[in-house]
Amino acid sequence: MSDTYTRIYAVVRRIPAGRVSTYGEVARRAGLSGYARQVGYALHALDEDADVPWQRVVNARGEVSLPADAGLDSLQRQMLEAEGICFDARGRLDLKQYGWDSPPGLGKKR
DNA sequence: ACTCAGGCGCTAC
DNA sequence: AGTAGCGCCTGAG
C-alpha cells in the first residue's frame, strides 16, 4: 500500500459522523492537493473490514458518484441517511449543510 | 445551467 | 511494456 493511500485513509477517518466531505477536500487536507482522483481509487480499493467511513466522501456536486450496478450507491445513501443526512429529490445532499468545513446553520439557498 | 481542457496517480486489459 | 479509462477537481468559455 502506498503512502498516498495511507494519508487519504487517515483523513477520511477524521471525518465526523453525520458530515460529509468531497474528494478534492480530502485530498487537500491530506496534503495531496490535486490528487482528487486518487482518493476515489483509494476508497474503491478499501476493504470492508477497514474502519474507514468511505460513505462520507462524495463528489463536489454533493452526490454519490458510485456505479449503480455495484449497488454501492444505494448502500452509501443508506448509511448516510442512518447518520442523519437527508438527500433531496435529485438524490443529492447539501454540502453547505453537511459539508465538513461548512459551518452548520446554513442550508437555505444552495 | 452546461461543455471543454488540463492535471494527478492507479488499475485493468 | 503500452494504452485506456477511472467512485474526480478546478477553472474558463
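So that the names make sense, note that chain A is the first sequence line, chain B the second, and so on, each numbered from 1. Since we're looking at a predicted model, the values are computed, not measured. Basis for what follows: all heavy atoms, side chains included, without hydrogens, waters or symmetry-related copies.
Remark: the backbone N or O of Asp3(A) is not paired with any side-chain donor or acceptor of Arg7(A) at under 3.5 angstrom. Checked by atom type and distance alone, the side chain of Arg19(A) pairs as donor or acceptor with a backbone atom of Trp100(A) at under 3.5 Å.
Looking at residues 9-18 of chain A, you'll see that no heavy atom sits under 4.0 Å from any atom of DNA chain C. For the contact set between residues 30-37 of chain A and DNA chain C, defined by any heavy atom under 4.0 Å, the members are Ala36(A), Arg37(A).
Nucleotide dG9(B) holds its P atom 18 Å from the CG atom of Leu43(A), rounded to whole Å. Atom CZ of Arg29(A) and atom P of dC9(C) are 16 Å apart (whole Å). Here dG9(B) presents its C1' atom at 9 Å from CD1 of Ile8(A), a figure rounded to the nearest Å. Look at CD on Glu63(A): it is 11 Å from P on dC8(C), rounded to the nearest Å. dT10(C) atom C1' lies 13 Å from atom CZ of Arg61(A), rounded to whole Å.
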Quick test: give all pairs of protein nitrogen or oxygen and nucleotides 10-13 of chain B nitrogen or oxygen below 3.5 Å, distance rounded to 0.1 Å.
{"from": "dC10(B)", "atom 1": "O4'", "to": "Gln38(A)", "atom 2": "NE2", "distance (Å)": "2.6"}
{"from": "dC10(B)", "atom 1": "O3'", "to": "Tyr5(A)", "atom 2": "OH", "distance (Å)": "3.1"}

Under 3.5 Å, which N/O atoms of the protein pair with N/O atoms of nucleotides 11-13 of chain C?
none

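The side chain to side chain contact (heavy atoms under 4.5 Å, CB included) search around Gln76(A) returns Trp54(A), Gln55(A), Val58(A), Val64(A), Leu66(A), Leu80(A), not counting sequence neighbours. Considering only residues two or more places apart in sequence or on other chains, Ser74(A) meets the side chain to side chain contact (heavy atoms under 4.5 Å, CB included) condition with none of them.
Where Glu25(A) and Val57(A) each meet DNA chain C at their nearest nucleotide, the meeting point lying more 5' is that of Val57(A).
Between the CE atom in Met79(A) and the CD1 atom in Ile85(A) there is a gap of 11.0 Å [rounded to 0.5 Å].
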Problem - Strand DNA chain B in bracket notation, Watson-Crick/G-U under 3.5 Å with | for pairs to another chain - result: .||||||.|||||
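Within the structure, side chain to side chain donor-acceptor pair (under 3.5 Å) pairs that include any residue of residues 42-52 of chain A comprise Arg13(A)-Asp51(A) (at least two apart or interchain). Within the structure, every pair that satisfies the side chain to side chain donor-acceptor pair (under 3.5 Å) test and touches residues 77-89 of chain A, not counting sequence neighbours, is listed here: Arg56(A)-Glu83(A), Arg77(A)-Glu81(A).
Nearest heavy-atom pair across Leu95(A) and Ala60(A) is CD1-O, 3.1 Å. Of all heavy-atom pairs between Ala45(A) and Tyr9(A), the closest is C-OH, 4.3 Å.
Rounded to whole Å, the P atom of dG6(B) lies 23 Å from the corresponding atom of dG7(C).
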Check: residues 21-43 of chain A side-chain donor-acceptor pairs under 3.5 Å, at least two apart:
{"from": "Thr22(A)", "atom 1": "OG1", "to": "Glu25(A)", "atom 2": "N", "distance (Å)": "3.2"}
{"from": "Arg29(A)", "atom 1": "NH1", "to": "Asp101(A)", "atom 2": "OD1", "distance (Å)": "2.8"}
{"from": "Arg29(A)", "atom 1": "NH1", "to": "Asp101(A)", "atom 2": "OD2", "distance (Å)": "2.5"}

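Contacts of Gly24(A) with the nucleic acid, taken as non-hydrogen atoms under 4.0 Å apart, involve only primed sugar atoms and P, OP1 or OP2. Heavy atoms of Val39(A) sit nowhere under 4.0 angstrom from any nucleic acid atom.
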